[in-house]
Amino acid sequence: MGQTSEQHSPRASFLNVENSASGKRWEERLADPRRGLALSQRLGVPEIVGRVLAARDVGLEDAEAYLNPTLRQFLPDPSHLRDMDLAVERLVTAIRNREAIAVFGDYDVDGATSSALLQRFLKQVGADLRVYIPDRISEGYGPNASAMRQLKSEGIEVVITVDCGITAFDALEDAATQGLEVIVVDHHAAEPRLPIATAVVNPNRQDEEFGLWSSSCGWRDLFAGGCPQPGAAHGGLVSAGRDRGTGSQAMARSGGAWHCLRCGASLRA
């Protein structure tokens with residue numbers, strides 16, 4: 001059998017480098033330059049950009065989303081996280097019934113961000129909200145029994161821990177005996193047992209199976225609430241951005257109320 005033209009005439013070396021400092025011959029990664037040209041023409045970008053995209057196996061139909069990624073398109077369905085729907089249902093009930101809610105945050109950047117996002121959203125839907133950040137020196141990290149009892153004495157009924165709580169076994173057990181309902185929203189590594197809580201939302205729970213969330217450190221920063229309709233299909237996230245939305249679970253504000261973009265259900269402030 002004769003040799004093919006490709007076997008007979010190997011591709012030219014890239015930038016004419018036949019023997020690099022490490023003894024390698026440089027070859028262009030992209031086998032078919034027409035793909036790069038097609039991408040550059042479709043997107044209106046320089047040909048070199050099209051070639052880079054093609055070399056990364058970006059197709060014509062996916063290129064626009066690849067260059068302009070959005071949470072709406074790429075954030076996985078938050079209802080796949082264990083206890084997400086329980087957390088959303090309890091939080092929506094608290095908002096509707098005007099129950100006093102506290103956010104128990106952390107003193108670092110992601111804890112403060114989580115607390116701020118929740119405060120912005122919950123206040124805009126009319127929630128009675130208290131934000132509690134523990135003193136780093138005198139209280140240390142995470143929920144403690146003294147702080148939880150203080151919140152209870154202030155009339156708080158529901159506490160949301162953000163960026164903490166996954167290993168606060170004693171403090172949350174004490175909170176339960178005081179009649180406080182706690183929603184844990186954390187991302188730190190969990191132990192085999194979970195703290196006593198109404199819901200424990202954490203991508204690093206040991207029984208969490210939704211692989212797209214693994215190693216995430218930012219999802220709990222977006223958790224704020226969701227569609228008030230019951231059912232797994234409507235658990236959702238709400239961000240503090242203008243769209244307040246994350247994909248099919250998004251909530252948008254119109255006419256003084258927040259509306260689920262999937263079913264139209266609303267939470268009116």
Side-chain angles (χ1 to χ4, degrees), residues 65 69-97 99 101 103-104 110 113-115 117-122 124-125 127 158-166 172 181-190 194-254 257-268:
T70 62
L71 282 175
R72 180 179 298 277
Q73 182 172 10
F74 289 106
L75 187 66
D77 184 348
S79 284
H80 284 88
L81 280 170
R82 292 185 181 275
D83 283 5
M84 174 63 82
D85 294 326
L86 289 175
V88 168
E89 183 178 355
R90 183 63 187 94
L91 185 53
V92 168
T93 298
I95 294 170
R96 284 181 158 170
N97 293 340
E99 297 178 67
I101 303 170
V103 175
F104 193 104
D110 49 352
T113 301
S114 304
S115 301
L117 285 169
L118 277 166
Q119 182 183 50
R120 289 185 63 179
F121 172 73
L122 291 174
Q124 289 197 51
V125 297
V158 178
V159 177
I160 312 168
T161 73
V162 288
D163 193 33
C164 60
I166 194 63
L172 297 192
E181 292 193 60
V182 179
I183 298 171
V184 175
V185 184
D186 201 354
H187 70 108
H188 295 98
L194 297 174
I196 296 174
T198 299
V200 179
V201 181
N202 187 337
N204 286 314
R205 281 176 53 158
Q206 293 193 15
D207 60 348
E208 186 62 67
E209 299 176 353
F210 194 40
L212 289 177
W213 297 92
S214 62
S215 300
S216 300
C217 65
W219 302 123
R220 82 273 172 225
D221 290 347
L222 296 176
F223 175 82
C227 175
Q229 294 286 9
H234 285 93
L237 303 183
V238 178
S239 74
R242 286 186 178 180
D243 292 336
R244 316 276 173 187
T246 52
S248 60
Q249 314 296 352
M251 303 273 291
R253 194 179 190 193
S254 174
W258 289 88
H259 304 276
C260 176
L261 299 184
R262 172 179 290 179
C263 73
S266 63
L267 279 174
R268 186 168 295 276

side-chain hydrogen bond (donor to acceptor under 3.5 Å, both in side chains) partners of Thr198, counting only residues at least two apart: Glu181
Smallest separation among heavy atoms of Glu208 and Pro203, with atom names: CG-O, 3.6 Å
Derivation and outcome, side chain to side chain contact (heavy atoms under 4.5 Å, CB included), residues Ile183 and Arg90: CA-CA 9 Å; Ile183 298 171; Arg90 183 63 187 94; 4.2 Å; yes
Qualifying residues under side chain to side chain contact (heavy atoms under 4.5 Å, CB included), relative to Ala65, sequence neighbours excluded: Gln73, Phe74
Identified side chain to side chain contact (heavy atoms under 4.5 Å, CB included) partner of Asp186 from the options Asp163, Thr161, Val162: Asp163
Minimum heavy-atom distance between Gly165 and Pro195, given as atom pair plus value: O-CG, 3.5 Å
Donor-acceptor pair, side chain of Glu99 and main chain of Val158, under 3.5 angstrom: no
Pairwise side-chain contact, Gln119 with Gln124, heavy-atom cut-off 4.5 Å (strictly under): no
From CA spacing to verdict: side chain to side chain contact (heavy atoms under 4.5 Å, CB included), Arg82, Val201: CA-CA 6 Å; Arg82 292 185 181 275; Val201 181; over 6 Å; no
Student check: side-chain heavy atoms of Val184 and Asn202 closer than 4.5 Å: no
Heavy-atom check, side chain of Leu91 versus side chain of Leu122, under 4.5 Å: yes
Separation of Glu89 CD from Met84 CE (nearest 0.5 Å): 13.5 Å
Steps toward side chain to side chain contact (heavy atoms under 4.5 Å, CB included) verdict (His187, Asp110): CA-CA 10 Å; His187 70 108; Asp110 49 352; 3.4 Å; yes
Arg205 vs Leu81, side chain to side chain contact (heavy atoms under 4.5 Å, CB included): CA-CA, chis, key distance, verdict: CA-CA 9 Å; Arg205 281 176 53 158; Leu81 280 170; over 6 Å; no
Those residues that, when tested against Asn97, pass side-chain hydrogen bond (donor to acceptor under 3.5 Å, both in side chains) (two or more places apart): none
Closest heavy-atom pair and its distance - Ile166, Ala189: CG2-O, 3.9 Å
Straight-line distance of Leu172 CG to Phe104 CZ, nearest 0.5 Å: 9.0 Å
Side chain to side chain contact (heavy atoms under 4.5 Å, CB included) partners of Ile196, counting only residues at least two apart: Glu173, Ala176
